[in-house]
Amino acid sequence: MPDQLEIDNLTVSFGAEGAPPVLDGVSLGVAKGEVLAIVGESGSGKSMTAMSVMKLLPRGARMKAGGIRFDGVDILGADERTMNRIRGDRVSMLFQQPKRMLDPTATVGRQVAEPLRRYAGLSRHKAADRVIELLSDVGIAEPERRAKAYAHQLSGGIAQRVMIAMALAGEPELLIADEPTTALDVTVEVQVLRLIATKRAELGMSVLFISHDLGVVSSLADRIAVMYAGRIVEVGTTDQILRQPQHPYTRSLIKCATLARELDGSLFVIPGDVSSARSITKGCRFMPRCPVVEEAHLHDSCDAEEPPLSGCANGQVSRCWATIETRRSA
Amino acid sequence: MALVDNPASEALDGTARVIPMRGSAAVRGWEHLRTWPTSLRVGVALFLTIAVLLVLTPWIAPYDPAAQDLENRLAAGSPAHLLGTDHLGRDVLSRLLWGGRYSVSIAAVTLVLCSVFGTVLGLLCARIGGAFDELVMRLTDVALAFPEMVIAMFLVAILGPSYGTLILALVLTGWTPFARLARGLALEINSRDFVEAAEALGMSRRFIVFRHLLPNALSPLLAHAALRFGHKLIAVGALSYLGLGVQPPDSDWGSMLADGQPYMTRLAGLVVYPGLAIFITALAVTLIGQGINTRRNRQG
Amino acid sequence: MLYLLRRVVVLLTTLLLVSFLVFMLPYLTPGDPARKILRARTGDLDLDPETVERLRIEYGLDLPIMQQYWNWLKDALGGDIGISYTSGRPVAGMLGSALANTATLAISALLFALVVALILGTIAAVKRGKPADSVITTITQGFVAIPEYWMGPLLVLVFALNMGVLPSAGWKGPLWMILPCLTLALRPMSYFTQVTRASMVDVLESPHITAARSRGLSFGETMLKHGVRNALLPVVTLFSVWLAGLLGGSVVVEVIFAIPGMGRMLYQAITNGDVPIIQASVVCVVGLTVIITTATDALYRLINPTVRTSHGTR
Amino acid sequence: MSTQVVGQRTAAESGHHDMVVLDNVVKYFTLSRTSLFHAPDAVHSVDGVSLRIEAGGVLGLVGESGSGKSTLARVILTLLRSTSGTVTIDGVDVTNLSQGAMRRVRRTAQMVFQDPHAAMDPRMTIGESMTSVLTQHGVGTRAERRDRVSLALSEVGLDDSYIDRYPGECSGGQLQRVGIARALLLDPKVLICDEPTSALDASVQARVLNLLDRIKDERELTMIMISHDLRVVRHVADRVAVMYLGQIVEVADREKLFTGASHPYTIALLAAGLESGRRHEATVVAAGEPPSPIHPPAGCRFNTRCPLATDRCREEMPELREVGADHEVRCHRWEEARGLLCADETAP
């Protein structure tokens with residue numbers, strides 16, 4: 001069965017022709033009903049991937065791809081009408097700063113009612129009733145009062161619940177969640193993650209979940225894709241990624257996220273910084289910071305050529321010469 | 001930077017100070033200049049040209065602006081009178097140059113008074129707060145409700161037309177935007193973390209005001225001042241046009257326009273040139289203001 | 001609520017203050033008020049002391065100043081704002097028609113400016129960075145620097161004197177309004193365009209627009225439902241500032257085109273020293289201005305919920 | 001890391017030196033008036049906080065947004081004046097100092113900010129920002145100042161090339177190190193870190209925490225580490241205080257707090273902060289949202305979200321009481337809380 005969402009060789013760049021692209025040949029697939037998480041640090045290109053699927057990239061972005069297909073529909077070549085239909089009906093999105101995602105001059109009720117009236121064709125009155133239902137469905141107390149509120153009167157947690165109510169109103173087949181809990185308090189974050197998990201089970205939708213936080217992702221995702229400097233470096237099931245990470249960056253990221261200690265008691269640190277990685281055109285982008293490049297004596301191949309995404313039998317793929325080498329010798 | 005040494009460009013002096021300059025060579029100044037947006041460069045070049053012309057007027061003006069030559073009234077442009085003569089046979093070019101000195105200097109003085117007075121008051125509001133702030137802000141509400149032309153005319157009615165009246169009227173209505181802007185900027189900058197950090201580091205109040213607040217507020221204030229200049233120039237001209245500003249025998253661009261209007265069918269230049277002078281001067285400074293803003297946005 | 005109350009207090013204080021200043025006008029200028037009145041009325045420089053004294057009593061000029069002010073204010077509130085020195089007609093009647101003319105002129109000019117500006121500003125914002133934007137931005141930057149007393153005569157020269165298609169001056173019908181309206185609209189139009197463009201760009205780049213688009217609204221719909229209202233907020237404020245300003249500030253245009261409006265009336269009164277007219281028109285213009293700004297403030301709060309309710313209701 | 005843990009009271013008795021002492025600190029912010037007929041509202045940002053931090057100790061201050069932890073930090077640094085209560089730093093009561101005295105006191109306590117970009121003036125080079133600190137306090141000659149700045153930078157692992165850079169030319173991690181270097185220029189005894197890593201990426205976070213750890217040992221600093229992230233606090237702090245709506249709800253030494261938390265809020269926080277695994281399946285969840293600090297709930301402030309709340313909790317505000325050696329809890333039901341909430345293996 002083909003994946004519900006397929007992204008094939010997606011490249012996005014900004015600015016002058018020839019500037020290093022922010023997304024470089026990204027290929028991903030999300031199966032029906034699956035939660036795929038994209039993990040990476042700021043600037044790795046994970047949000048760009050989401051916005052490319054929605055075709056809502058910021059001004060000046062140039063997008064190239066072998067294809068983006070949603071449920072067999074060609075998104076890459078779709079016109080605005082088709083895209084609007086898909087966005088309104090079948091693919092919904094959550095964002096990082098929910099309060100800023102609501103129109104400051106319109107009430108919550110009016111905004112939630114909008115897609116209902118448009119795509120479900122409800123009357124004004126019916127839509128208003130449905131809004132109350134939807135709001136209480138996502139666990140908002142006193143939905144009647146909240147429906148009359150404006151964005152600035154809501155807490156971040158409530159605003160994100162409103163966004164979820166809005167996103168799920170049309171029972172979408174795919175939910176794209178772009179760091180939906182990053183701006184929230186930890187106790188509220190748990191509630192929102194739970195809500196997303198429950199709703200996903202209820203509606204059987206697929207989820208593309210984007211986060212910088214492995215801890216958040218591990219609680220929700222079936223599979224995880226790790227991105228570094230515009231490239232996918234590893235994809236596998238959540239268990240594979242967390243228990244047998246193959247790419248040195250994934251391993252480092254896990255150590256960082258858990259604040260793992262070294263032998264001398266200090267915290268594990270990835271040497272160097274990411275700032276120049278994108279301009280590396282030859283060889284592995286992670287090489288300057290890679291902890292295994294020395295011990296694996298692979299310096300030449302890492303330097304000369306970028307490793308391909310290559311996989312083993314269980315479906316886990318990664319982009320590292322060292323892994324390829326071990327696999328070959330095994 | 002060579003530009004700053006010119007006394008006619010006080011406004012530019014400030015712009016240059018905004019970005020700390022390292023190295024003293026003229027080369028650096030030139031490189032710095034190349035980062036300016038086009039509007040800023042065009043504006044500065046235009047304004048400098050005008051300023052130099054006006055400063056040098058006593059030496060370059062071909063005729064005495066008041067010298068009448070009734071034989072030679074309403075003459076079209078010729079090698080003797082490049083822009084022709086007016087209804088009393090006075091040389092239009094010379095009158096334009098001398099008139100510009102009045103127009104530009106009155107507008108500049110008003111603007112400086114407005115911006116200094118308004119900025120100081122606005123900063124005080126932000127610093128003192130409380131009842132003082134409330135009082136001054138209500139006062140700006142009131143002053144904002146006074147159309148400047150009406151106030152100017154009212155003052156003329158009381159004090160009679162003079163430079164003093166002109167400047168007083170324009171300052172009375174013109175300080176409010178600066179007060180509001182300065183207050184807003186001061187509050188905004190004051191709430192930024194680096195000011196709190198400076199306080200935590202035990203920096204003196206003086207240091208915070210002069211090294212953090214002022215440099216960060218300067219370029220928006222300068223931009224605003226530049227954008228207001230055109231407005232002032234036009235207002236000065238309007239009062240003179242109505243005969244309530246610069247009084248004969250002196251004349252500025254506004255009164256030249258009024259004088260020439262009855263004869264414009266015979267010599268359109270009498271209306272076109274003084275208007276064009278106001279337009280170009282106002283445009284030049286507006287461009288400077290827009291340029292400062294563009295540059296600030298670019299720097300983020 | 002408290003805010004509006006505060007604004008109303010300011011409004012009344014302003015009016016009181018202005019009315020007092022205006023009342024003091026004859027005393028602030030050098031010379032004896034009674035003599036000045038008489039001189040203005042008769043044009044006679046050689047005044048008979050007895051007549052002056054009679055006038056002094058008739059006008060209550062011998063009373064203490066606060067008493068005089070009180071009487072003057074009482075009369076003014078009752079609709080009696082004196083008699084014009086020069087025309088001998090009651091000022092109230094003159095004021096009414098002048099105000100109507102100025103309001104017609106200012107409002108039509110500003111509405112015209114607003115409509116053009118909204119269109120141009122939106123185009124520039126949507127096409128930002130493209131040639132259309134540069135052209136609009138450049139032109140509006142230029143128009144801001146064009147004084148009315150230059151544009152006016154030039155328009156007259158071209159359309160009235162050379163081409164003869166429009167009347168050069170007067171106030172007799174719609175045709176007479178075109179040139180003054182154009183002249184008056186030019187600068188506000190440029191400012192409105194610039195502000196519209198800036199706030200449109202802000203709105204276009206604000207996250208909630210992306211969010212609305214992600215819910216399947218087309219670009220046009222998103223702008224209509226979630227963009228325009230936000231983008232209009234700054235324009236509303238600017239519009240009121242200009243409206244308030246133009247009610248008193250159309251002097252130049254009224255003089256150029258010989259329009260019997262407030263500005264021209266005030267101008268003539270000042271040149272003739274017609275004190276009652278000066279008093280009445282200044283109070284009237286300032287009063288209207290304060291009322292307009294206060295009303296806009298209230299309107300602004302009505303359409304912008306973020307200022308209306310300052311802190312949340314969690 | 002200093003591992004010696006001494007209870008509050010015993011600390012004073014055994015002659016250990018308390019570096020920072022807070023006594024019933026209260027900070028209200030009055031909001032602008034919205035009605036003629038009601039008194040203006042006030043935000044009860046910090047509401048009666050008492051704490052002692054011994055010299056060389058690290059206190060972790062944990063709480064979510066609106067808990068008042070950042071306000072408390074600013075009161076300690078005298079950046080905000082407390083409404084009531086006293087703050088003593090190194091034996092000096094700093095609560096009501098004159099401007100001049102305050103500036104001198106500020107040399108003893110310094111702060112590291114959350115957003116490193118916002119904490120630096122974008123118009124000054126890093127060198128100017130740092131040198132001016134020394135100039136303002138009249139330290140050294142021009143050359144000495146330059147040396148001290150470059151020394152401070154090298155202490156945080158940055159070379160002299162940073163002196164001439166503008167903040168805009170540095171990454172968040174680099175700038176945060178600059179921020180730390182700048183805070184150390186005046187040789188403070190106390191360093192308050194307000195969420196120093198929460199604006200940074202995971203891979204940069206560890207480097208900054210290591211740095212703080214190292215300089216704390218080298219310079220024998222007393223530290224307050226403010227964070228919403230329990231993992232960070234667990235790594236650095238030796239005592240932890242948990243704040244909720246302006247009050248301290250639990251204080252304990254680190255191990256005790258992470259293994260024997262007794263306040264339902266602390267238990268919920270710990271459950272939410274599980275390092276990995278099924279975070280959304282955590283058993284203990286604080287229901288709903290934190291209430292507004294303008295009108296905090298009557299009784300126990302946590303009662304609106306607490307799974308154990310009773311009528312008593314809704315009426316009577318519990319006191320912060322000592323429940324064990326160096327362990328204080330503000331809860332009516334602290335004895336049963338752990339038993340009732342932590343039956344499951346997913347709980348801490």
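Naming: A, B, ... by sequence-line order, numbering from 1 per chain. Just so it is clear, the model here is predicted, and its values are computed rather than measured.
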Is there a side-chain contact between [X] and [Y], using heavy atoms and a 4.5 Å cut-off?
X: Leu266(C); Y: Phe154(B); value: no
X: Ile234(B); Y: Glu148(C); value: yes
X: Met264(B); Y: Leu161(C); value: yes

Distance (rounded to the nearest 0.5 Å) between [X] [atom1] and [Y] [atom2]:
X: Tyr149(C); Y: Ser240(B); atom1: OH; atom2: OG; value: 8.0 Å
X: Leu244(B); Y: Thr271(C); atom1: CG; atom2: OG1; value: 7.5 Å
X: Arg264(C); Y: Leu242(B); atom1: CZ; atom2: CG; value: 12.0 Å

Is chain B contacted by the side chain of [X], its backbone, both, or neither, given a heavy-atom distance below 4.5 Å?
X: Val18(C); answer: side chain
X: Ile278(C); answer: side chain
X: Ile270(C); answer: side chain
X: Leu157(C); answer: both

Most heavy-atom pairs under 4.5 angstrom with chain C, which of Ser39(B), Ala238(B), Ala282(B)?
->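 The option with the most such pairs is Ala238(B).
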
Please report the C-alpha distance between Met149(B) and Val252(C) in whole Å, then the side-chain angles of each, then the deciding distance to 0.1 Å, and finally whether the side chain to side chain contact (heavy atoms under 4.5 Å, CB included) criterion is met.
-> CA-CA 9 Å; Met149(B) 288 300 284; Val252(C) 171; 4.1 Å; yes

Test Leu276(B) against Trp150(C) for side chain to side chain contact (heavy atoms under 4.5 Å, CB included), laying out the working first.
-> CA-CA 8 Å; Leu276(B) 204 61; Trp150(C) 187 42; 3.5 Å; yes

By a 4.5 Å heavy-atom criterion (distance strictly below it), what part of [X] contacts chain C: side chain, backbone, both, or neither?
X: Val272(B); value: both
X: Glu148(B); value: neither
X: Leu287(B); value: side chain

For Tyr163(B), does the OH atom have more than 12 heavy-atom neighbours from other residues, nucleotides or ligands under 6.0 Å away?
->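 More than 12 within 6.0 Å, yes.
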
Taking all atoms of both residues into account, what is the closest heavy-atom pair of Tyr241(B) and Ile256(C), and its distance?
->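 Nearest heavy atoms, Tyr241(B) then Ile256(C): OH-CG1, 3.2 Å.
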
Minimum-distance pair of heavy atoms, taken over all atoms of Leu283(B) and Ala145(C) =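 So the two residues come closest at N-CB, 3.6 Å.
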
